[in-house]
Structure formats: structure tokens, C-alpha cells
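Please read the structure below before turning to the comments.
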Amino acid sequence: QVQVVESGGGSVQAGGSLRLSCVVSRDPGCSYDMSWYRQVPGKEREFVSGIDGDGKTQYADSVKGRFTFSQDNAKNTVYLQMNSLNPEDTAMYYCKLQVSGARWWCRRGDYWGQGTQVTVSS
């Protein structure tokens with residue numbers, strides 16, 4: 001049973017900040033890759049931030065300099081600190097968990113949270 005739960009969304013005015021959290025399940029001996037995506041109705045889900053296979057933090061061009069990805073492995077949690085928000089950041093934000101590993105108990109695959117809504121007003 002793998003669970004991905006996002007929280008921290010809400011409504012803020014332009015220029016404000018929010019911090020999103022994503023808590024996931026974790027089993028020893030497995031590999032976990034975490035990332036954030038967002039989606040606006042009528043558009044495809046887009047990558048926001050995460051750690052790539054080389055261990056580097058990646059950001060979409062639209063959020064560079066404003067958003068910060070971080071993680072706390074001890075708490076099985078990743079965060080997305082969002083500063084200087086603007087109306088274009090309004091979207092449903094999703095946490096993505098990719099599980100891999102050769103051990104039989106590793107629940108390999110991609111898992112998505114239910115999403116948390118971020119609304120930024122002008």
C-alpha cells in the first residue's frame with residue numbers, strides 16, 4: 001500500500017507565499033524519486049520541480065527563482081516553498097512518487113497524490 005498525500009494549498013494574493021508538503025510511504029531498500037507537478041483545467045499536467053536521476057534539483061523555467069524544492073527523508077516528506085506567487089501559478093498541484101528497486105517488497109511504479117489547490121488572486 002503506497003500513499004501520497006499533499007497539503008498546504010490555499011488562496012493567497014499575488015506576491016504571497018505558500019509551502020506545500022507531500023508525505024509518502026517508504027520501505028527500506030527501495031529507491032524513491034519525488035517531484036511536483038501542476039495542472040490547470042484544459043491544459044496538460046506540467047512538471048514544476050524535483051530531483052533528477054543525477055541528483056540535481058530541476059525547476060520549470062516559469063518558477064525558477066521563486067520556488068524551492070526540499071526534502072526531509074527522515075519524515076518521508078518533500079516540500080515546495082512557493083514565493084512571489086502570481087495568478088499564473090494558480091493550479092492544482094500534485095506530488096508524484098516514483099518507486100523502484102529490485103527487492104520483492106518494493107512497490108515499483110508511479111504514484112500520484114490527490115492534489116492540493118493553489119489559487120493566487122491579483
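Computed over heavy atoms, backbone and side chain alike; hydrogens, waters and symmetry mates excluded. Remember, it's a predicted structure, so these values are computed and weren't measured experimentally.
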Restricting to non-hydrogen atoms, name the atom on [X] and the atom on [Y] that form the minimum distance, rounded to 0.1 Å.
X    : Y    : answer
S100 : C106 : O-SG, 4.0 Å
V48  : V63  : O-CG2, 3.8 Å
Q114 : V4   : OE1-O, 3.7 Å
L97  : Y32  : CD1-CD2, 3.4 Å
G9   : T116 : N-OG1, 3.0 Å
S121 : P87  : C-CG, 4.4 Å

Taking the side chain as every heavy atom from C-beta outward, state whether L20 and V118 have any atom pair closer than 4.5 Å.
yes

Polar side-chain atom of D54 near backbone of K56 as donor-acceptor pair, under 3.5 Å:
no

Please collect all salt bridge (Lys or Arg N to Asp or Glu O under 4.0 Å) contacts where either partner lies in [range], sequence neighbours excluded, each pair once.
range          : answer
residues 58-79 : D61-K64, R66-D89
residues 43-53 : R38-E46
residues 13-25 : none
residues 4-18  : none

Output all residues satisfying side-chain contact (heavy atoms from CB on, under 4.5 Å) with V12, sequence neighbours left out; order by chain, then residue number.
L18, L85, V120

Can you name the residues that form a side-chain contact (heavy atoms from CB on, under 4.5 Å) with S70, not counting sequence neighbours?
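Counting only residues at least two positions away or on another chain, S70 forms a side-chain contact (heavy atoms from CB on, under 4.5 Å) with Y79.
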
Tell me, which pairs form a disulfide bond (SG atoms under 2.5 Å apart) where one or both residues lie in residues 44-95, sequence neighbours left out?
C22-C95

Considering residues at least two apart in sequence or located in another chain, which fulfil the side-chain hydrogen bond (donor to acceptor under 3.5 Å, both in side chains) criterion with [X]?
X   : answer
D27 : R107
R26 : N76
Q81 : N83

Can you tell me if CD on Q98 sees more than 12 non-hydrogen neighbours from other groups inside 6.0 Å?
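Counting other residues, nucleotides and ligands, CD of Q98 exceeds 12 neighbours.
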
Spacing of [X] atom [atom1] and [Y] atom [atom2] [to the nearest 0.5 Å]:
X   : Y    : atom1 : atom2 : result
E88 : S122 : CD    : OG    : 9.0 Å
K96 : D33  : NZ    : CG    : 9.0 Å
Y59 : F67  : OH    : CZ    : 10.5 Å

Do Y111 and W36 sit in the same hydrophobic cluster, where Ile, Leu, Val, Met, Phe, Trp and Tyr count as joined when their side-chain heavy atoms come under 4.5 Å apart?
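Yes, one cluster joins them.
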
Connected via hydrophobic side-chain network under 4.5 Å: I51 and M82
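Hydrophobic grouping puts I51 with M82.
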
Residues sharing W105's hydrophobic cluster, by side-chain heavy-atom contacts under 4.5 Å among ILVMFWY, directly or via others?
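W105 shares its hydrophobic cluster with W104.
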
Residues that, via side-chain heavy atoms closer than 4.5 angstrom, fall in one hydrophobic cluster with W112
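Direct or chained contacts put W112 with Y37, F47, M92, Y94.
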
